[in-house]
2 protein chains.
Amino acid sequence: MILKSQVEWALHCCAILAGLPKGRYLSTKALAELHGLPKEYLSKALQSLSQASLVETTLGPSGGYRLAKPPSDINFLEIVEAVEGKARSFTCTNIRANNPCRPEGYCDSKPCAVARIMWEADEAWRDTLRRVRLSDLVGTLSEEVPADIWRSTFEWVLKRAG
Amino acid sequence: MILKSQVEWALHCCAILAGLPKGRYLSTKALAELHGLPKEYLSKALQSLSQASLVETTLGPSGGYRLAKPPSDINFLEIVEAVEGKARSFTCTNIRANNPCRPEGYCDSKPCAVARIMWEADEAWRDTLRRVRLSDLVGTLSEEVPADIWRSTFEWVLKRAG
DNA sequence: GAATTAAGGATATATCATATCCGAAAACCG
DNA sequence: CGGTTTTCGGATATGATATATCCTTAATTC
């Protein structure tokens with residue numbers, strides 16, 4: 001049960017977008033080069049963010065991506081689900097129904113007890129991600145990343161934003 | 001990020017094993033037929049449980065599997081990790097290190113801030129599973145499954161246990 | 001000795017993540 | 001206007017992994 005690497009990429013890209021000056025766009029190319037990622041494939045992750053309305057786009061030179069909402073209005077779960085999908089990690093195939101001792105038309109009132117427990121764990125995972133906002137990440141990063149690296153990173157990135 | 005179907009199989013099989021009379025073994029064949037699963041492949045899941053010391057085995061006719069510990073001493077996480085592995089769902093490839101603005105030998109003191117958050121969610125998932133014991137599942141099942149089906153299931157299964 | 005069983009290696013197949021390429025439409029710039 | 005840059009989506013290729021089956025070996029029962 002491993003998350004797509006695009007989840008990691010999307011989170012790091014959102015952190016960068018959150019630190020951009022108001023209104024500025026950043027292209028796939030710039031984000032890919034900053035993180036050392038394959039441009040064409042990273043593009044798919046960014047498209048997922050766009051479809052989830054987490055980012056806005058514009059075309060042409062000086063085009064690219066920017067956040068559609070303030071970083072405090074975006075949580076981790078939104079980003080993760082945008083690229084990973086909203087499906088639960090445990091899928092119940094209802095194998096209890098194969099029990100030969102069950103009467104033919106027997107219909108269960110509740111979902112499987114095993115599935116309920118697995119889905120509860122899934123919800124705990126989602127709750128944790130839902131509670132962390134993108135702005136929290138940006139706060140942590142600006143504390144932990146040395147100020148000069150932090151600053152030069154955005155200079156580097158803005159130079160590529162036209 | 002989908003769990004293996006063997007996780008579902010292992011959980012249901014453990015629930016059955018937990019309801020067996022003290023000391024009795026149940027074969028792969030019986031468990032496969034009860035759940036309508038491919039015998040050879042289910043066998044791999046049961047082998048995983050065996051390697052994790054959650055079940056004991058014996059060979060020959062009337063052989064098979066039984067729990068190695070009382071159901072109250074086995075939690076969901078143990079079963080899930082036995083077949084799914086203990087790896088975290090989020091793997092950090094440290095893409096921040098690709099940032100061209102970082103000095104050459106720069107060494108981060110802490111693991112990546114993104115990874116720390118994702119791992120925290122992972123821990124919440126594990127904590128939930130750790131808190132649920134196999135005996136809890138058995139309790140729920142014996143409440144919810146109609147008594148006659150519950151009873152005939154074990155008669156059916158014991159007939160196949162030699 | 002014959003039948004049954006778990007264990008594990010080898011292999012085949014299917015599904016999905018990863019990755020690349022291309023064309024279309026939109027935006028910018030001369 | 002025409003050329004460049006960009007996002008977007010479709011098509012396709014590749015690699016890894018889940019799923020599934022088969023077979024051999026050793027242990028156990030009768």
Side-chain angles (χ1 to χ4, degrees), chain A residues 1-10 13 17 23-33 35-66 68 80 82-85 87 89-91 93 95 160-162, chain B residues 1-10 13 17 23-33 35-66 68 80 82-85 87 89-91 93 95 160-162:
Chain A
M1 189 193 53
I2 304 289
L3 290 163
K4 304 180 192 176
S5 55
Q6 289 193 350
V7 170
E8 182 185 13
W9 303 355
C13 286
L17 293 181
R24 291 291 287 276
Y25 291 91
L26 201 52
S27 70
T28 306
K29 188 159 175 287
L31 287 166
E33 288 174 357
H35 294 114
L37 301 174
K39 170 171 150 341
E40 305 281 356
Y41 194 33
L42 173 63
S43 166
K44 304 294 185 187
L46 297 172
Q47 283 175 40
S48 298
L49 295 178
S50 176
Q51 284 168 357
S53 300
L54 296 177
V55 299
E56 295 170 340
T57 70
T58 189
L59 297 177
S62 81
Y65 296 87
R66 72 180 177 197
V80 171
V83 317
E84 187 68 32
S89 61
F90 180 87
T91 53
T93 62
I95 62 175
R160 262 143 248 257
Chain B
M1 189 194 53
I2 304 288
L3 289 163
K4 304 181 193 174
S5 53
Q6 290 193 349
V7 170
E8 181 185 13
W9 303 355
C13 287
L17 294 180
R24 293 290 288 275
Y25 291 92
L26 201 51
S27 70
T28 306
K29 189 160 174 287
L31 287 167
E33 288 174 358
H35 295 113
L37 301 174
K39 170 172 152 336
E40 306 280 357
Y41 194 33
L42 172 63
S43 166
K44 305 295 185 186
L46 297 173
Q47 285 174 38
S48 298
L49 295 178
S50 176
Q51 284 168 358
S53 299
L54 297 176
V55 298
E56 294 170 342
T57 69
T58 189
L59 296 177
S62 83
Y65 297 88
R66 71 179 179 198
V80 171
V83 316
E84 187 67 33
S89 61
F90 180 87
T91 53
T93 62
I95 62 176
R160 262 142 247 259

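A note on names: the letters A, B, ... follow the listed sequences, proteins ahead of strands, and every chain is numbered from 1. Values below: every heavy atom of this structure, side chains too, minus hydrogens, waters and symmetry copies. Source: prediction; values computed, not measured.
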*Asks:* How close or far is atom P of C:dT5 from atom CZ of B:Arg66, stated in whole angstroms?
*Replies:*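 Taking atom P of C:dT5 as the reference, CZ of B:Arg66 is at 17 Å.
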*Asks:* Are OP1 or OP2 of C:dA6 and a side-chain N or O of B:Thr58 less than 4.0 angstrom apart?
*Replies:*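 So the side-chain polar atoms of B:Thr58 never come under 4.0 Å of the phosphate oxygens OP1 or OP2 of C:dA6.
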*Asks:* Measuring from atom CD of B:Gln51 to atom CG of B:Leu49, what distance do you get when rounded to the nearest 0.5 angstrom?
*Replies:*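 Reported value, rounded in 0.5 Å steps: 9.5 Å.
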*Asks:* Rounded to the nearest Å, what distance is computed from the NZ atom of residue A:Lys39 to the P atom of nucleotide D:dT5?
*Replies:*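 Going from NZ in A:Lys39 over to P in D:dT5 covers 11 Å.
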*Asks:* Expressed in angstrom and rounded to an integer, what is the separation of A:Arg24 atom CZ from D:dT6 atom C1'?
*Replies:*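 Whole-Å distance recorded here is 16 Å.
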*Asks:* How far does OH of B:Tyr65 sit from CG of B:Leu54, to the nearest 0.5 angstrom?
*Replies:*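 The CG atom of B:Leu54 is 12.5 Å from OH of B:Tyr65, to the nearest 0.5 Å.
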*Asks:* For A:Ser50 versus A:Thr57, what's the shortest heavy-atom pair and its separation?
*Replies:*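 For A:Ser50 versus A:Thr57, the nearest heavy atoms are OG-CG2, 3.9 Å.
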*Asks:* Rounded to the nearest 0.5 Å, what separates atom NE2 in A:His35 from atom SG in A:Cys13?
*Replies:*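 Interatomic distance, A:His35 NE2 to A:Cys13 SG, rounded to 0.5 Å: 5.0 Å.
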*Asks:* For the OG1 atom of A:Thr58 and the OH atom of A:Tyr25, what is their distance to the nearest 0.5 Å?
*Replies:*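 OH of A:Tyr25 is found 5.0 Å from OG1 of A:Thr58.
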*Asks:* Take the protein atom CG of A:Leu42 and the nucleotide atom P of D:dG9, then report the distance between them rounded to whole Å.
*Replies:*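 Those two atoms, CG and P, are 15 Å apart.
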*Asks:* So if I take every side-chain heavy atom of A:Pro38 and compare against D:dA20, C:dT20, D:dT29, which nucleotide ends up nearest?
*Replies:*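 The nucleotide sitting nearest to the side chain is C:dT20.
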*Asks:* Do any N or O atoms of the protein come closer than 3.5 Å to N or O atoms of nucleotides 7-17 of chain C, and which pairs are they?
*Replies:*
from  : atom 1 : to      : atom 2 : distance (Å)
C:dA7 : OP1    : B:Ser50 : OG     : 2.9
C:dA7 : OP1    : B:Thr57 : OG1    : 3.4
C:dA7 : OP2    : B:Tyr65 : OH     : 2.4
C:dG8 : OP2    : B:Gln51 : NE2    : 3.2
C:dG8 : N7     : B:Gln47 : NE2    : 3.3
C:dG9 : O6     : B:Lys44 : NZ     : 2.7

*Asks:* Rounded to 10°, tell me the angle between the two end axes of the helix from C:dG1-D:dC30 to C:dG30-D:dC1, each built from five pairs.
*Replies:*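 Axis-to-axis angle, ends of the helix: 10°.
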*Asks:* Quick one: closest heavy-atom pair of A:Glu84 and A:Val7, and the distance?
*Replies:*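 Smallest heavy-atom distance, with atoms named: OE1-CG2, 3.5 Å.
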*Asks:* Between atom NZ of B:Lys44 and atom OG1 of B:Thr28, what is the distance when rounded to the nearest 0.5 Å?
*Replies:*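 It comes to 11.0 Å.
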*Asks:* Atom NZ of B:Lys29 and atom P of C:dT4: how far apart are they, to the nearest Å?
*Replies:*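 Whole-Å distance recorded here is 9 Å.
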*Asks:* CD of B:Gln6 versus P of D:dT17: gap in Å, rounded?
*Replies:*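 Computing the B:Gln6:CD to D:dT17:P distance gives 15 Å.
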*Asks:* If only side-chain N and O atoms count, and only distance matters, is there a donor-acceptor pair under 3.5 Å linking A:Gln6 with A:Ser48?
*Replies:*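 Side-chain D/A pair, A:Ser48 to A:Gln6: absent.
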*Asks:* Rounding to a whole Å, what distance do you find between A:Glu56:CD and D:dT6:P?
*Replies:*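 Whole-Å distance recorded here is 19 Å.
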*Asks:* Got a second to check how far B:Gln47's CD is from B:Leu42's CG, nearest 0.5 Å?
*Replies:*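 So the CD of B:Gln47 and the CG of B:Leu42 are separated by 10.0 Å.
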